[in-house]
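Residue numbers begin at 1 in each chain, while the letters A, B, ... track the order of the sequences.
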Protein chains: 2
Amino acid sequence: MVDKEEYRARIIRTASRIFSHYGFRKTTMDEISRALKKGKSSIYYYFDSKEEIFEAVVLYEANQLRRRLTAAIKEVDSPPDKLRNYIYVRMREFAKLSNYYNAVFDKNLDHYEFIEKIRSRYDREELAILRLLVYVGNNRGVFEVEDSEYTAMAIQTMLKGMEVPLFWRKREIDINDRLEAILRLIFNGIMKKQ
Amino acid sequence: MVDKEEYRARIIRTASRIFSHYGFRKTTMDEISRALKKGKSSIYYYFDSKEEIFEAVVLYEANQLRRRLTAAIKEVDSPPDKLRNYIYVRMREFAKLSNYYNAVFDKNLDHYEFIEKIRSRYDREELAILRLLVYVGNNRGVFEVEDSEYTAMAIQTMLKGMEVPLFWRKREIDINDRLEAILRLIFNGIMKKQ
DNA sequence: AAAGAGATGGAACAAACGGGTCGGATATTC
DNA sequence: GAATATCCGACCCGTTTGTTCCATCTCTTT
């Protein structure tokens, strides 16, 4: 009763590890159960289907992502450092998550409208974070922008733009260069000239 | 005629990329052919079976490994640096190769005696490299050991010991700590005290 | 342009795989 | 020892996948 929820969590963590490596399609229930040292059918006592596990995993990963991003921001104090940290961690984490995306875009993406939900909620949250960062930096006089809201949206657009090659290209070419370039662009366009 | 061999090489490189990510079992012929932008059946004009491709890939990777290891040694001059470089690169490359191993140990390992051949040949080569490294270091007075041969064997044993958690454990715990510890051990047991 | 070798891919197939079900075994709780 | 919670072996059946066959296509060579 009590530890049923705990066991669900354990399944989620284990499945997450395997999903993130092989994607949804290539991960089998047999593998998950073997990793848990349980019979395949036992898993169905905790979850109704493979997809349900996947949903739970995606939700779990989304929360992890949120945790890490907020941690990255709290780690440093100045707004530019916060922003840089945020972008770095975001890149790193999204790269790790790319297997989920590949899994989703493999085929039949119709079944995964729940991801869109998570996604759009995350978008709103991210925008709020960016807006706050820009706003505070502006107040402290280290940034100098007209409108925090629209600047935050512009930054988010760039970040989203960086996801595309991350999720669609095979060869991981120049990701770091690209990251540096975008950071330079953001900061040179945002930092107060003196 | 001429470029048939070239095309085989291209298939090997492409298949290698996919195999190294998903292992033998989870990699499908369809994936390989799609990555090559060819029909699935066309591949069979160049290779007789999936296993034959896999064999070619393993051979190819073994050669790559050799190349990188010798390069790592040539990169620096002093024997301790050479040894450290060698071990670092060995670790890194073996970690990358772990998927091949997982593929092999998945099931039916009986079919893969050709890997044992490659492996034992590689063992002999590695021992020769280590022996030479220790020997030269000894001559230059930076190492101080009784017998190069047996010292080299001891080092090789340690390195092999490090493969075990790499290939069998799920969570990649403390690999770097372990590496550092082993490096310290080797050097403190080997460096000339002054 | 005919012939023929080199190369390609669509379609079909048998075998294996894999998600999910079911009935019962085993453990735990009361 | 009944009741309940948890686990699993065996099975089902639609799908996947390695491989083959054969019709086509491309490009020399004659």
Side-chain angles (χ1 to χ4, degrees), chain A residues 1-19 21-58 99-100 102-112 114, chain B residues 1-12 14-16 18-19 21-58 99-100 102-112 114:
Chain A
M1 185 77 101
V2 166
D3 36 297
K4 183 163 182 177
E5 208 46 44
E6 240 174 76
Y7 208 94
R8 276 176 62 100
R10 203 180 136 212
I11 292 176
I12 290 172
R13 284 195 305 272
T14 300
S16 174
R17 210 185 56 225
I18 308 179
F19 277 139
H21 195 164
Y22 294 118
F24 179 74
R25 193 83 190 298
K26 284 177 189 283
T27 298
T28 70
M29 292 297 275
D30 205 66
E31 259 176 316
I32 296 175
S33 63
R34 251 185 293 127
L36 287 162
K37 296 197 198 344
K38 284 283 155 61
K40 185 173 59 161
S41 8
S42 302
I43 313 257
Y44 286 89
Y45 181 72
Y46 299 95
F47 289 93
D48 282 343
S49 68
K50 188 183 173 187
E51 287 214 8
E52 201 185 291
I53 298 180
F54 187 63
E55 289 191 21
V57 162
V58 171
N99 277 294
Y100 290 134
N102 289 335
V104 171
F105 287 128
D106 219 17
K107 276 178 189 175
N108 44 2
L109 52 151
D110 29 48
H111 292 90
Y112 299 110
F114 73 94
Chain B
M1 184 78 99
V2 166
D3 40 296
K4 182 162 183 178
E5 207 47 42
E6 240 174 74
Y7 208 94
R8 276 178 61 101
R10 202 179 136 212
I11 292 177
I12 290 173
T14 300
S16 175
I18 308 178
F19 277 138
H21 196 164
Y22 295 118
F24 179 74
R25 192 89 187 294
K26 286 175 188 283
T27 299
T28 70
M29 291 297 275
D30 204 65
E31 262 175 313
I32 296 175
S33 64
R34 250 185 294 127
L36 287 162
K37 295 196 195 355
K38 285 285 154 62
K40 188 170 53 159
S41 20
S42 301
I43 312 241
Y44 286 87
Y45 182 72
Y46 299 95
F47 290 92
D48 282 343
S49 68
K50 188 183 172 186
E51 286 214 9
E52 201 186 290
I53 298 179
F54 187 63
E55 289 192 22
V57 163
V58 170
N99 277 294
Y100 289 134
N102 289 336
V104 171
F105 288 129
D106 219 16
K107 278 178 190 172
N108 45 2
L109 51 152
D110 29 49
H111 293 90
Y112 298 110
F114 74 93

Sorted by number, the residues of residues 40-49 of chain B with heavy-atom contact under 4.0 Å to DNA chain C
S41(B), S42(B), Y45(B), Y46(B)
At 4.0 Å (heavy atoms only), tell me whether T27(B) reaches a base, stays on the sugar-phosphate, or touches nothing.
sugar-phosphate
Specify the separation, in whole Å, of atom CZ of R8(B) and atom P of dG6(C).
16 Å
Of the non-hydrogen atoms in A35(A) and I18(A), which two are nearest, and what is the gap between them?
CB-CD1, 4.0 Å
Is there a side-chain contact (heavy atoms from CB on, under 4.5 Å) between R10(A) and R13(A)? Walk through the geometry before answering.
CA-CA 5 Å; R10(A) 203 180 136 212; R13(A) 284 195 305 272; 3.8 Å; yes
Salt-bridge test for E31(A) and R25(B): reply yes if a basic N is under 4.0 Å from a carboxylate O, no otherwise.
no
Nearest-Å distance, NZ (K38(B)) to P (dC25(D))?
17 Å
Does the side chain of Y7(A) pick up a donor-acceptor pair with the side chain of K38(A) at under 3.5 Å?
yes
Within this structure, what is the CD1-to-C1' distance between I11(B) and dT8(C), rounded to whole angstrom?
12 Å
Checking side chain to side chain contact (heavy atoms under 4.5 Å, CB included) between R34(B) and each of L36(B), I32(B), D30(B), which is the one that passes?
D30(B)
If the plane angle is over 60° it's perpendicular, under 30° parallel, otherwise tilted; pick one for Y22(A) and Y22(B).
tilted
Whole-Å distance, K26(B) NZ to dA16(C) P, equals 19 Å
To the nearest angstrom, the CE-P distance between M29(B) and dA15(C) comes to 19 Å
In whole angstroms, the gap separating P of dT16(D) from CZ of R34(B) amounts to 12 Å
Measure from NZ on K37(A) to P on dC8(D) and round the result to the nearest Å.
12 Å
Minimum heavy-atom separation for Y46(B) to R8(B), with atom names?
O-NH1, 2.9 Å
Is the shortest side-chain N/O distance from R25(B) to OP1 or OP2 of dT17(D) below 4.0 Å?
no
Would you mind telling me which of dC7(D), dG18(C), dG18(D) lies closest to the side-chain atoms of K50(B)?
dG18(D)
Over how many whole Å does the gap from D30(B) atom CG to dA11(C) atom P extend?
14 Å
